[in-house]
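Just so you know, these numbers use all the heavy atoms, side chains as well, and skip hydrogens, waters and symmetry mates.
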Amino acid sequence: MSSIPIKTCVLGVGLAGMTFHIPFILAFPELFTLHAVLERNPSGPGGKLQSRFGPEAAKGVFIYNTIEQVLADRAIQLVVVATPSATHYEFAKRIMEAGKHVLVDKPVTATFAQAAELGALARSKDLVLYPYQNSRWNSDFLAIRALLDLPSSDPRCLGTLYEFESRYDRYRTTLKGNWKEQPLPASGLTYDLASHTIDQALVLFGRPTRITAHIQNLRGVGHVDVDDNFSIFMHYPPLTPLDPSPSGIKPTSFTVILRGSMLSVKSSQVRYVVRGTTGTYRKYGVDVQEAQLKAIVSPSDIFSDATYGQEPETLFGTVENIEGDSVVQSIWPSKAKGDYGALFRDVASVIRDGTPQAVKWEESANVIEIIELALQSSKEGRTLEVPHRT
């Protein structure tokens, strides 16, 4: 067990690097030292790091302009890959070949084959390869997990589930002009946002047996091959009925529905709808952490602001349950705060102490496999079998 902070380099100073990674590396000085940042064309000393968090945050941090400089720096122990998705595979491979641990933003790769290759390389070199599936620590997802753990005797229990719907919808009629809108590997809305919702579904319910998807560029803007709308149906055998089953009904199937649209007019947007034999859960709005991380003045605000990660009561979900011949509605609060910091604490523990990863690389590789199957299903207009994996 080592108490020396892990010398870390963050590749990329866009949204991912400056919002989801650098703040936490700086906020945990007992776990990490921000040793370097890769920024191709910094506008001045300290680059975007200094512009965002001030000269003290940038003090002593190397600003590298090429990946070769990063690979040649023997002091670096961990590299965070927060560059455009099409570069993830190449950069992660080169970093591990240089003997360094890697944290890779989602989507981890463009193909399942690439993800499997990286996993094998990490095992052969005894390196930590960690996928950044941060939405597992969204406040609303933690609330759903608590709801689904209720015993059948609880009056708010949803009964035996037959449908789970998860959505990420927005309204935007124009392009932003970034790499996500270019016809590159792992671009488009499905890779961008379904990489969250698929991961959450696999955590809750495991691998489906079949998949049906409709994926398209619905707005007709930008390149036709860059999707802005997806509907993914993950088909499962019926879930095991609760014992005792409050309603006596035994559903004959279970379906996870994942949707994302850039043409949804709604405020707040629907986030989850979960249906069971005795109740329905409905949730609006998205986790507050991204907006808070964009607004913080200092990384220390993550800990000093008591409201960090806490959903406002206006975004709490509602549960409707059968009670006799009536439907009773109640609030299901998001009691647990969202906590992306938990992922970084786990990364440090895995590197320092060899503890098991809270998010395994193979799990994120499975997300990519499901995305590939969804794209194939949509292209061929048919339902596909999902290969069984242990």
Side-chain angles (χ1 to χ4, degrees), residues 4-26 31-53 55 57-111 113-132 178-180 182 184-187 191 344 347-348 350-351 361 364-365 368:
I4 300 173
I6 301 163
K7 290 189 176 182
T8 304
C9 174
V10 176
L11 307 186
V13 290
L15 173 65
M18 296 303 297
T19 303
F20 294 108
H21 296 290
I22 287 176
F24 290 100
I25 299 300
L26 293 173
L31 301 179
F32 305 98
T33 295
L34 184 59
H35 178 81
V37 170
L38 175 64
E39 182 175 359
R40 300 288 188 185
N41 299 295
S43 59
K48 287 188 178 180
L49 173 64
Q50 181 166 316
S51 298
R52 178 72 174 85
F53 294 117
K59 185 178 180 180
V61 178
F62 293 97
I63 306 297
Y64 289 142
N65 310 123
T66 68
I67 185 66
E68 286 75 20
Q69 290 173 301
V70 174
L71 300 176
D73 189 336
R74 295 185 179 182
I76 296 172
Q77 300 167 278
L78 169 67
V79 179
V80 179
V81 179
T83 49
S85 300
T87 67
H88 289 183
Y89 164 72
E90 177 193 349
F91 284 172
K93 183 177 181 179
R94 294 181 67 183
I95 291 162
M96 287 190 291
E97 287 174 340
K100 306 176 191 300
H101 304 296
V102 194
L103 170 62
V104 187
D105 209 313
K106 62 80 204 168
V108 292
T109 56
T111 70
Q114 290 175 340
E117 179 187 341
L118 292 180
L121 179 61
R123 291 189 296 272
S124 71
K125 289 186 168 290
D126 195 25
L127 291 169
V128 173
L129 177 60
Y130 204 109
Y132 185 71
N178 60 29
W179 59 264
K180 293 181 181 180
Q182 301 300 314
L184 300 169
S187 66
Y191 273 101
F344 289 89
V347 170
V350 175
I351 292 175
W361 181 260
S364 209
I368 302 303

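Each of Q114, E117, R94 was scored for a side-chain hydrogen bond (donor to acceptor under 3.5 Å, both in side chains) with Y89, with one residue passing: E117. The one candidate from N65, L11, I95, V37 that meets the side-chain contact (heavy atoms from CB on, under 4.5 Å) condition with V70 is L11.
Of all non-hydrogen atoms in A92 and V104, the two that sit nearest each other are CB-CG2, 4.1 Å. Taking both residues in full, the closest heavy atoms of T109 and A186 are given as O-CB, 4.3 Å, listed atom of the first, atom of the second, then distance. The minimum heavy-atom distance between A122 and L129, with the atom names listed, is CB-CB, 3.7 Å.
Two residues are said to be in side-chain contact when any heavy atoms from C-beta on lie closer than 4.5 Å; V81 and V108 fail this criterion. For the pair P55 and Q50, the minimum side-chain heavy-atom distance is below 4.5 Å. Side-chain contact check for D105 versus H88: some heavy-atom pair is nearer than 4.5 Å. Using a 4.5 Å heavy-atom cutoff, the side chains of V102 and L78 are not in contact. The side-chain heavy atoms of W361 and P131, taken from C-beta on, include a pair separated by under 4.5 Å. Taking the side chain as every heavy atom from C-beta outward, V13 and T83 never approach each other to under 4.5 Å.
Using a 30° and 60° split on the angle between ring planes, F344 and H21 fall in the perpendicular class, above 60°. Between F62 and H35, the angle of the ring planes lies from 30° to 60°, which puts this pair in the tilted group.
Here the CZ-NZ distance, from R74 to K100, works out to 9.0 Å after rounding to the nearest 0.5 Å. Rounding to the nearest 0.5 Å places OH of Y64 at 10.5 Å from CG of L71. Atom CD1 of I25 sits about 14.5 Å away from atom CZ of F20, to the nearest 0.5 Å. Distance check: Q69 CD to I63 CD1 gives 10.5 Å after rounding to the nearest 0.5 Å. Between the CZ atom of F53 and the CE atom of M18 there is a distance of 5.0 Å, given to the nearest 0.5 Å. Between the CD atom in E97 and the CG atom in L127 there is a gap of 11.0 Å [rounded to 0.5 Å].
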- Can you list the steps and then say if T8 with T33 is a side-chain contact (heavy atoms from CB on, under 4.5 Å)? CA-CA 6 Å; T8 304; T33 295; over 6 Å; no

- Item | Stepwise side-chain contact (heavy atoms from CB on, under 4.5 Å) test for L31 and I6 | CA-CA 6 Å; L31 301 179; I6 301 163; 5.8 Å; no

- Task: Evaluate the side-chain contact (heavy atoms from CB on, under 4.5 Å) criterion for residues S364 and Y132: first the C-alpha distance (whole Å), next the side-chain angles of each, then the deciding distance (0.1 Å), finally the verdict.
- Result: CA-CA 9 Å; S364 209; Y132 185 71; over 6 Å; no

- Message: Checking M96 against L118 for the side-chain contact (heavy atoms from CB on, under 4.5 Å) test, could you report, in this order, the C-alpha distance in whole Å, the side-chain angles of both residues, the deciding distance, and whether it holds?
- Response: CA-CA 9 Å; M96 287 190 291; L118 292 180; 3.9 Å; yes

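Proximity of a side-chain donor or acceptor of E39 to a complementary backbone N or O of G47 within less than 3.5 Å is not detected. Looking at T19, its side chain never comes within 3.5 Å of a backbone N or O of A16 through a donor-acceptor pair.
Taking the ring centroids of H101 and Y130, they lie at or beyond the 6.0 Å cut-off.
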